[in-house]
Visitor: 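Just dropping this structure here.
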Amino acid sequence: MTSKNKFTSSLELMGAYILAAFWVLPLLYAFWAAFHYSNDAIHFNIFSPLTLDNFREAWSQAPFLRYGLNTFLLVSFILPGQLLISTLAAYAFVRFKFSGANVAFALVLVQLMITPEILIVQNYVTLSKLGLVDTITGMGLPYVASAFCIFLLRQTFKSIPKELEDAAELEGCSTMGILWKVYVPLATPTFIAFSLVSVSHHWNNFLWPLIISNSVETRPLTVGLGIFGSPETGVDWSIMSAATLISVAPLLIAFLIFQKQFVQSFMQAGIK
Amino acid sequence: MKDSVRNFQGWLLFAPAAILLLAFTHYPTITTFLNSLYTNKSVIRPRRFSGIEGYESMLSDPIFWKVFANNMWLALGTIPTSIGLAIIMALIVNKAIPGRGLLRMAYFTPTMLPMIAVANIWLFFYAPEIGLIDQAASIFGFESTNWLGSPSTVLPSIMVMTVWKEAGFFMVFYLAGLQTISPELEEASKLEGSSRWNYFWRVQYPLLLPTTLFVLINAFLNSFKLVDHLFVLTKGGPDNASNLILYYIYETAFAFLDISYASALTIFLLVLLALTALAQFLFIEKRVHYR
Amino acid sequence: MSKFFKKLSYSLTVALGISMISGAAIAKTELTMYYPVAVGGALTQTVDAMVADFMSKNPDIEVNAIYSGNYDDTRIKALTALESGKPAQLSVMFSIDVHELRELDAIVPFDDLVSTSEEKAWLNSFYPSLMENGVAAGKTWGIPFQRSTIVMYYNKDAFREAGLDPETPPATWGGLIAAAKALTKDDGSQWGLMIPSTGYPYWMFGALAMQNGQTLMTSGDKTNFDHPDVIEALEVWKSFGEDHKIMPKGTIEWGTLRQNFLEGKTAMMWHSTGNLTTVKKKADFDFGVAMLPAGKRRGTPTGGGNFYIFKDTSDEERKASMKLIKFMTAPENSAKWSVATGYMGVSPDAYETDTLKSYVAGFPPAAVARDQLKYATAEFSTYQTSRVKKGLNDAIQATLVGSKTAKEALTEAQAAAERILKPYR
Amino acid sequence: MSSIEVKGLSKSWGEIEAVKNVSFVVPEKSFTVLLGPSGCGKSTILKMLSGLESVTSGSIKIENRDVTNLEASKRGVSMVFQSYALFPHLNVKENIQFGLKVRKVPAAEREKRVAEAANAVGLSDLLDRKPSNLSGGQRQRVALARSIVSDQSVCLMDEPLSNLDSKLRAEMRDEIRDLQQRLGLTVVYVTHDQVEAMSMADQIILLNSGQIVQKGAPEEIYNYPNSIFSAQFIGLPPMNILNLKKIDITDLSKENQKKIEISKNSINLGIRPEHLNFSKKGLPVTVKGIDYFGGETVFKISHSGQDFFLREPRQPKIHLDDKLNISWDPEDMHLFKKNNQRFTS
């Protein structure tokens, strides 16, 4: 490598790190501020004392534990539902060329564009007719049939050789047996990829949960944080930082530990 | 006989998904359209058929035009920048350089944060006088700027935040795109003495074009769905300078309780998104395909 | 179908009720109540503690108090809950929501609920200006709870530094501008005055307009946005930033303003009295609270939240709700609430309690809001309040940021309000 | 006793007839090969036997039971697939016992049978491996073991060796044949490779365009091909076919001339390369190519514009462009009529 090349490449490397620094700085600042008194945080007093008061305060001002539980319940309702329903549908599309399948698939794809976010008004009306307002079920239900998941699984199932199905059929597997014993295990990477994408999406979802949840018993973390941080209550930087960190911590920690899998999953889900 | 059994089984397997999709996508789409043709029911006035009146009043509603323009500006202001940054990030992270894992994590982390938390964090930066940006600016003797409080800066401020949030997400698609490019191409182009810059423009960039179009369309669709930050940052103000269609729909439906008008707005948004998706299917998909 | 089920569930309830009474068991009445918080501090804890106190004294009533965000959020939540089959029985909501709630036929007037002379006396025990927003069509629909006026917080240290007398805050617009000029530092490190213009701009504007001699509305169906005095008031507001340069240009955040004041970025701020306790706790300088200065006269709108009882409730629930409201607004509790938050005591009796008496004695600013009541008017409130209000808010912000003149903006807002309100006349 | 009896079997998809009126019998414990070029319908026949494909018309009997409309799993057959169809998420042992588990065979018996089957194909040490960690030959053995363990007397194999390299293929041929005889299996084996067919089959069923061309023992088909298709499909290099009109009959030996005269209608003459000899008299040819294989040498020779082959076990001193004569024994000569069918006297 010539010295000029070396120079440009180290310059580029520096650029890469500076860009990265800009990208983590906001979060790092929030992290730093959460452990300092708000006066110090605002004036950026680096050597000011550390404190856990902000977390204590935030924790006592809002039931974050309950919010976290609600988010967890929400995600654990949506994800298995999505996987189950989409698996059945994708299997139907791939191995049962039922009449009208093409039209049906087109109707599924419509949801890629018209996501439930846009139909908040009517979906609210529907759910209130069903008496599911202010329930975790109601919060999750519009998302349970996921066109994206059906689409992903259909692609995956299509790539599974017909011979494997023949072999299983010959061994006496029933239609559903083939699905559970052959298709599902072979699509595991897709299931994982979709799961990570879905969990991060619904963990972070805000607008629909805001509309549909009325009480502490159903309010997920994002909505709790939204109400907590709504500046109408008067902002205290440090307490809000603490509350923000409490809210994002579970998913963020999971991401930091399994970051490679997360990035890979988003990639895999994106390619198809 | 056997075929009809398979037919029935197929429909049976598809039924749960079909019912939910019908209930939460197709049925509400249709009722939204119907509602947009009727007036609201209230104690004083009963519901009546009003035809396209709702749409007429939409077209003469200056706030509607304002929020629509805002949405378009937001898309225009964030998508090209995000895509440019995403390509740069992907190129960086795709190479074997020291700290690659850390860099990738740094770029991607904002994607994992809920928009509402992002807004909370960035509120610190934008607050006039006491915010981080203003404090930094005051060191260099700049005057304090009310980033979120003046119509000329509020949208750009939100754009910067959005780019920060989204670039890492788009990076992932480019990473996936780059990995489908055979490394032999780079070796071949190196042998021919082409510079890296040349290699990017002549080889990588054209091969990434399908990715770019995919990202472009999805980013555009996304930009209409992302309104969470408004709840924390501006509530659409000042004077609707940062208001967006979906947030306006929310306000109209849930704060003003005007379902009829909210339905008309929703239908407008749906048509807009449908046209975009259609453009993707009919036009772009055919033009850019190398395989 | 729903009618049939209602009937069915009603008869079941009756049957169940009878069997329970015969079993000598006490049925618990369950109440769900939403309440908003629009100012700082751990208000949720204060409310929760009061509710817990109430329940320990009334074991036959179970209250589920739900904090539901700001005023708008709370109205949305309470109304949507009504439709969703999981209704609340009572709520604290914006005092100005009264017309909208009545139009939806969602609430009952308190006149229908009070029967004994003692109760009638209770209904008359509140400050009359706080009752204004709760009255419509000759009946009382809302009971004052977390009520406020706008007051002026000022930094006495900054006053001293600027050579002003910290004990005589400005009492007129002229005085205000002069003082603020002295307090504004050229390097931008300290402004003389900040009036918030997000969140509730129409509220602040209500004060300025009244000080200029005109209220924003005459009744629920008539607004006065294009009155010359109102237009002039908005021009004055704009001139603070534009001409006098005592206030930052553009809009000022409601939410971050308190922090600005506490950081010494502004020497004076107009804000809800509901912030008083938090400011008192957090300020590391000497501060004072003053009534808003006078233009042609003094003036401020009242503000804050009232108790409402929803129509879709049983007799027992209404009785229990009345009990709860009476408890929460009783002089002693009102006094405690005032001390904890800075909101006003809602009745003269509250200020006669030892709690508030000794508090005011030690901390005179606590009485400013009450003293200001004699200049106060109702908060802006019309039919379709949310929408009319949005039009007004947009007009105020458009003027402050300079995209329209005060006259243009307010004339447009008035025209829009006319269109919306016409059917209600 | 016959194990499989196929009568008038046809399969069509709309207009396309893949299999036309095919009938044959597979004797018990025999090795029958369905041979033919790709697209001849042999795999379709196998799938119809297995039940994975439905029958358009005709009937299938397995062990005297009409199974024409029976589900695949109830026909009492096992199958080895071309791609082996191993489940990539299961290890060798789990793959082998897959069917036993589905059929709810008790654990103890399952263990025993898996061990036996694994032993039979020499996989006992690899039971914990995943298919992705196996070589091609090992995967093949797993597929065989899965078939063996099912204890079905009829085993269907669909080009099971086509994914292996040539050396391994030769080994596996012997192994499969050996296994079949040891376990007394009835095997129906599909291939397009005539070498496999010749070396393994008790009976070859040669197919073309969905129809049976010829059936019989390998040597029967080799020695008495009933058509030019048969003659050329089996044997490598294939049988030489010479157009009689382009040959001066008088160059040939008297016996040959006589034989040709008897078959008035014949227009083609067939002779296998190994049956040709260089000689002093006979048909004049020019040497156009020499391929030396060590144990034998194949010459490409030409007579009046027709190229054909001659196989010699030795290495005669012959060079390119040499002009020589060739001759053959009349018994080795095959004559074909205008319709490409064999002339028989």
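The analysis underlying the following values was restricted to heavy atoms, covering all of them including side chains, and did not include hydrogens, waters or symmetry mates. Order of the sequence lines fixes the chain letters, A, B, ..., with proteins taken first and strands second; residue numbering starts at 1 for each chain. Since this is a predicted model, take the numbers as computed values, not measurements.
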Visitor: Find the distance between OG (B:Ser150) and CD (C:Gln397) and round it off to the nearest 0.5 Å.
Guide: 11.5 Å

Visitor: Within the 4.5 Å heavy-atom criterion, are C:Arg387 and B:Tyr261 side-chain neighbours or not?
Guide: yes

Visitor: Around B:Phe33, counting heavy atoms of other residues, nucleotides and ligands shown, do more than 12 lie under 6.0 Å from its CZ?
Guide: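 Result for CZ/B:Phe33: open.
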
Visitor: Measuring only between side-chain heavy atoms, which start at C-beta, is B:Ile63 closer than 4.5 Å to C:Asp394?
Guide: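 They are in contact (side-chain heavy atoms under 4.5 Å apart), so the answer is yes.
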
Visitor: Which answer fits B:Asn243, side chain, backbone, both or neither, if we ask what part of it has an atom under 4.5 Å from a heavy atom of chain C?
Guide: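 The answer is the side chain of B:Asn243.
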
Visitor: Minimum heavy-atom separation for C:Val401 and B:Gly149, please, with both atom names.
Guide: CG1-O, 3.5 Å

Visitor: Around atom NZ of C:Lys407, are there more than 12 heavy atoms from other residues, nucleotides or ligands closer than 6.0 Å?
Guide: no

Visitor: Looking at CG of B:Leu148 and CD1 of C:Ile252, how far apart are the two atoms once the value is rounded to the nearest 0.5 Å?
Guide: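 Rounded to the nearest 0.5 Å, the CG-CD1 separation comes to 13.5 Å.
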
Visitor: If you take all heavy atoms of C:Glu253 and B:Leu233, which pair is closest and at what distance?
Guide: OE2-O, 3.7 Å

Visitor: Show, in sequence, the C-alpha distance, side-chain angles and deciding distance for C:Lys77 and B:Phe254, and conclude whether the side-chain contact (heavy atoms from CB on, under 4.5 Å) test is met.
Guide: CA-CA 9 Å; C:Lys77 285 300 151 208; B:Phe254 293 99; over 6 Å; no

Visitor: Is the NZ atom of C:Lys222 crowded by more than 12 outside heavy atoms at less than 6.0 Å?
Guide: yes

Visitor: B:Thr252 versus chain C, heavy atoms under 4.5 Å apart: side chain, backbone, both or neither?
Guide: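 For B:Thr252, side-chain heavy atoms alone lie under 4.5 Å from chain C.
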
Visitor: In Å, rounded to the nearest 0.5 Å, how long is the span from CD1 of C:Ile420 to CZ of B:Phe256?
Guide: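 If I round to the nearest 0.5 Å, the distance is 8.5 Å.
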
Visitor: Do any of residues 91-99 of chain C come closer than 4.5 Å to chain B, heavy atom to heavy atom, and if so which ones, in number order?
Guide: none

Visitor: Does a sphere of radius 6.0 Å around NZ in B:Lys165 hold more than 12 heavy atoms from other residues, nucleotides or ligands, not counting ones at 6.0 Å or beyond?
Guide: yes

Visitor: What part of C:Thr198 lies closer than 4.5 angstrom to a heavy atom of chain B: side chain, backbone, both or neither?
Guide: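 Looking at C:Thr198, nothing touches chain B.
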
Visitor: Looking just at side-chain N and O atoms, do C:Lys390 and B:Asn240 make a donor-acceptor pair shorter than 3.5 Å?
Guide: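 A donor-acceptor contact under 3.5 Å links the two side chains.
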
Visitor: In terms of heavy-atom contacts, does OH of B:Tyr27 have more than 12 from other residues, nucleotides or ligands at under 6.0 Å?
Guide: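 No - once you tally the heavy atoms of other residues, nucleotides and ligands closer than 6.0 Å, there are 12 at most.
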
Visitor: When you measure from the side chain of C:Ser386 to the backbone of B:Ala255, do you find a donor-acceptor pair of N or O atoms at a distance under 3.5 Å?
Guide: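 Indeed, once roles are kept as given, a pair shorter than 3.5 Å links the two residues.
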
Visitor: I need the C:Thr251 OG1 to B:Asp239 CG distance, nearest 0.5 Å.
Guide: 10.0 Å

Visitor: B:Tyr250 versus chain C, heavy atoms under 4.5 Å apart: side chain, backbone, both or neither?
Guide: side chain

Visitor: Relative to chain B, which segment of C:Asn393 carries a heavy atom at a distance below 4.5 Å: side chain, backbone, both, or neither?
Guide: neither

Visitor: Taking side chain as everything from C-beta outward and backbone as N, CA, C, O, which of these in C:Arg75 sits under 4.5 Å from a heavy atom of chain B? Side chain, backbone, both or neither.
Guide: side chain

